[in-house]
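Heads up: the structure comes next, in C-alpha cells.
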Amino acid sequence: MRIRLDWFGEKLAQRLADLEAGRIAPAVPRDAATVMLLRPAGAGAGAGSAAGPAGAPGVEVLMLRRVAAMKFAPGAYVFPGGSVDPADYDAPVGWHGPDPAEFGARLGASAEMARALVCAAVRETFEEAGVLLAGAPDGGPAADPSGPAWEADRAALVAGDVTLAELLSRRGLVLRADLLVPWARWITPEGEPRRFDARFFAAALPAGQVATGHAAESDRIAWLRPADAIESARAGQISMLPPTATTLHDFAVAGGDGVAALLGRRPVIEPVVPRLVLEDGQAWLYVPDEVGYPL
C-alpha cells in the first residue's frame with residue numbers, strides 16, 4: 001500500500017534526500033507502549049460516545065484526539081500511550097499476571113524490557129485516560145481510581161513528582177499485567193525525525209472505571225466502534241496514523257463476538273516497519289500489504 005504524504009511537505013522530502021545522500025543518519029527508535037481500551041458496544045453513552053443501542057454486538061475502543069499544539073500527530077485520533085521512561089526500566093513495581101519473560105517472548109523483547117513496556121502501558125493509560133490497570137496483589141478486581149485523592153495522584157504522576165511504582169506501593173497495588181494482551185508492534189520509518197518502537201496492547205475497560213482525558217494532550221475523548229472510526233477516516237472527518245487504522249481494522253474484523261472473545265486471541269506479533277521513499281521529489285509511505293491497512 002502506497003500513501004502520499006502531502007501534509008509533510010518539503011521538509012520531509014529534504015530529510016529523505018539527506019538520508020539517501022548520507023548527510024544525516026536515521027533517528028534511533030524510542031521504546032513505547034500503546035493500549036487499546038475496549039468495552040462492549042452500547043455499554044455507555046457519555047459525551048463524545050458513538051455507542052449504539054444497549055446490547056448491540058461488537059466492541060468500542062477508546063480514542064483520544066490529540067491537541068493541535070502537539071508536535072507529534074496533532075489533531076489525530078490515537079490510543080493512550082507514549083514512550084518508556086527511565087523510571088519504567090528500574091521500577092521495583094509489584095506484578096500480577098504472566099511472567100515478564102512470557103510477555104517478552106511475544107513482544108520480541110527481553111524480560112526486563114517487557115516489564116518496562118507494561119509499566120509504561122499502565123502509566124500512560126492512567127495519565128492520558130484516567131484508567132488504571134492495577135489492583136490488589138491477590139488479583140482481585142482492578143482498583144477504582146476515582147475521587148479527588150486519585151486526581152491528585154494522577155496530576156503528580158503527569159508532572160513527574162511521583163513514579164508509578166511509588167504511587168502503587170503507597171496504595172498497596174500492583175500492575176495487572178494479566179489484563180493486557182500483546183497485540184502488535186510497529187516501528188516508525190527511518191525517514192521520520194521522531195521514531196518509536198511501539199508495542200500495542202489490548203485491554204478491557206475495568207468494571208466501574210470511567211475514562212477521562214487529559215486536557216494537555218487531548219481535546220476530545222470518544223468511544224468508537226472500530227468500523228465507524230475507519231469510515232469516518234475514509235470520509236475525511238477524522239485523521240489517524242497507519243498503526244491506529246490497521247489495529248482498528250483488526251478489531252472490526254475480530255470484535256463481532258465481543259470483548260472477551262477478542263481478548264482471548266493471541267495474534268502472532270511481527271514487527272511492522274513501513275518505508276518512507278522519495279520519488280520525483282515527493283515523499284511516499286509504503287505500508288506492507290499483509291498488515292491490512294484499511295484507508
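Every value quoted in this text rests on a predicted model; they were computed, and no experiment measured them. Reckoned from all heavy atoms, side chains included, excluding hydrogens, waters and symmetry mates.
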Handout entry: Non-hydrogen atoms of Pro137 and Gly172 that approach each other most closely
Key = CD-O, 3.6 Å
Exercise for the section: Report the C-alpha distance between Thr212 and Ile221 in whole Å, list the side-chain angles of each, state the deciding distance to 0.1 Å, and finish with yes or no for side chain to side chain contact (heavy atoms under 4.5 Å, CB included). Expected result: CA-CA 7 Å; Thr212 57; Ile221 182 170; 5.6 Å; no
Practice task
Over all heavy atoms of both residues, which pair between His96 and Gly139 is shortest? Give the atoms and the distance, please.
Solution key: NE2-CA, 3.5 Å
Handout entry: From Leu276 atom CG to Leu19 atom CG, the distance as rounded to the nearest 0.5 Å
Key = 9.0 Å
Completion exercise
Taken to the nearest 0.5 Å, the spacing of Glu128 CD from Thr34 OG1 works out to 8.5 Å
Exercise for the section: In plain terms, say whether Arg199 and Asp197 are close enough for a salt bridge, that is, a side-chain N and a carboxylate O under 4.0 Å apart. Expected result: yes
Fill in the blank from the handout: Correct closest heavy-atom pair for Leu117 and Ala109 would be CD1-CB, 4.5 Å
Problem - Any side-chain heavy-atom pair of Thr163 and Asp85 under 4.5 Å - result: no
Exercise for the section: Would you give the length of the straight line joining atom CH2 of Trp284 to atom CG of Leu278, rounded to the nearest 0.5 angstrom? Expected result: 11.5 Å
Practice task
Could you tell me which non-hydrogen atom of Val259 sits nearest to which non-hydrogen atom of Ala204, and how far apart they are?
Solution key: CG1-CB, 3.8 Å
Fill in the blank from the handout: Note: Val35 and Ala203 closest approach over all heavy atoms is CG1-CB, 4.3 Å
Completion exercise
When every non-hydrogen atom of Ile269 is compared with those of Leu107, the smallest separation belongs to CD1-CD2, 4.3 Å
Problem - Within-4.5 Å side-chain heavy-atom neighbours: Pro145 and Arg154 - result: no
Handout entry: Validation row: Trp150, Leu132 side chains within 4.5 angstrom (heavy atoms)
Key = yes
Practice task
Look up atom CD in Glu270 and atom CH2 in Trp186, then write down how far apart they are to the nearest 0.5 Å.
Solution key: 13.5 Å
Problem - Under the side-chain hydrogen bond (donor to acceptor under 3.5 Å, both in side chains) test, residues paired with Arg106 that sit two or more places apart - result: none
Handout entry: Ile187 with Met240, same ILVMFWY side-chain cluster at under 4.5 Å
Key = no
Practice task
Nearest 0.5 Å please: distance from the CG atom of Leu133 over to the CG atom of Leu179.
Solution key: 6.0 Å
Problem - Spacing of Asp31 atom CG and Met113 atom CE [to the nearest 0.5 Å] - result: 3.5 Å
Exercise for the section: Indicate yes or no for a side-chain donor-acceptor contact from Arg195 to the backbone of Thr188 under 3.5 Å, with no hydrogens or angles considered. Expected result: yes
Exercise for the section: Under the side-chain hydrogen bond (donor to acceptor under 3.5 Å, both in side chains) rule, collect the residues that match up with Glu231, sequence neighbours excluded. Expected result: Arg234
Practice task
Measure from the side-chain N and O atoms of Arg23 to the backbone N and O of Arg15, and report whether any donor-acceptor pair falls under 3.5 Å.
Solution key: no
Handout entry: Phe126 reachable from Val174 in the ILVMFWY side-chain graph, under 4.5 Å edges
Key = no
Problem - Ser146: side-chain hydrogen bond (donor to acceptor under 3.5 Å, both in side chains) partners, not counting sequence neighbours - result: Asp144
Handout entry: Side chain proximity check, Tyr77 to Thr244, heavy atoms < 4.5 angstrom
Key = no
Problem - Note, Arg265 side chain near Val181 side chain (heavy atom, < 4.5 Å) - result: no
Practice task
Show your working on side chain to side chain contact (heavy atoms under 4.5 Å, CB included) between Leu262 and Trp183 and close with a plain yes or no.
Solution key: CA-CA 11 Å; Leu262 194 153; Trp183 196 268; 3.5 Å; yes
Exercise for the section: Please examine the side chains of Val93 and Arg115, heavy atoms only from C-beta on, and report whether any two atoms are closer than 4.5 Å. Expected result: yes
Exercise for the section: Side-chain contact test, heavy atoms from C-beta onward, threshold under 4.5 Å: evaluate it for Thr246 versus Pro294 and give yes or no. Expected result: yes
Practice task
Could you check if a side-chain atom of Phe196 sits within less than 4.5 angstrom of a side-chain atom of Val84, using non-hydrogen atoms only?
Solution key: no
Exercise for the section: Kindly work out whether a path of hydrophobic side-chain contacts (I/L/V/M/F/W/Y, heavy atoms less than 4.5 Å apart) joins Phe251 to Leu263. Expected result: yes
Exercise for the section: Kindly assign one of parallel, tilted or perpendicular to the pair Phe200 and Phe79, based on the angle between their ring planes and the thresholds 30° and 60°. Expected result: perpendicular
Exercise for the section: Give the C-alpha distance, both sets of side-chain angles, the deciding distance and a yes or no for side chain to side chain contact (heavy atoms under 4.5 Å, CB included) between Leu248 and Met63. Expected result: CA-CA 10 Å; Leu248 286 170; Met63 304 199 74; 4.0 Å; yes
Problem - Cluster overlap Val158 with Leu168, hydrophobic side-chain contacts below 4.5 Å - result: no
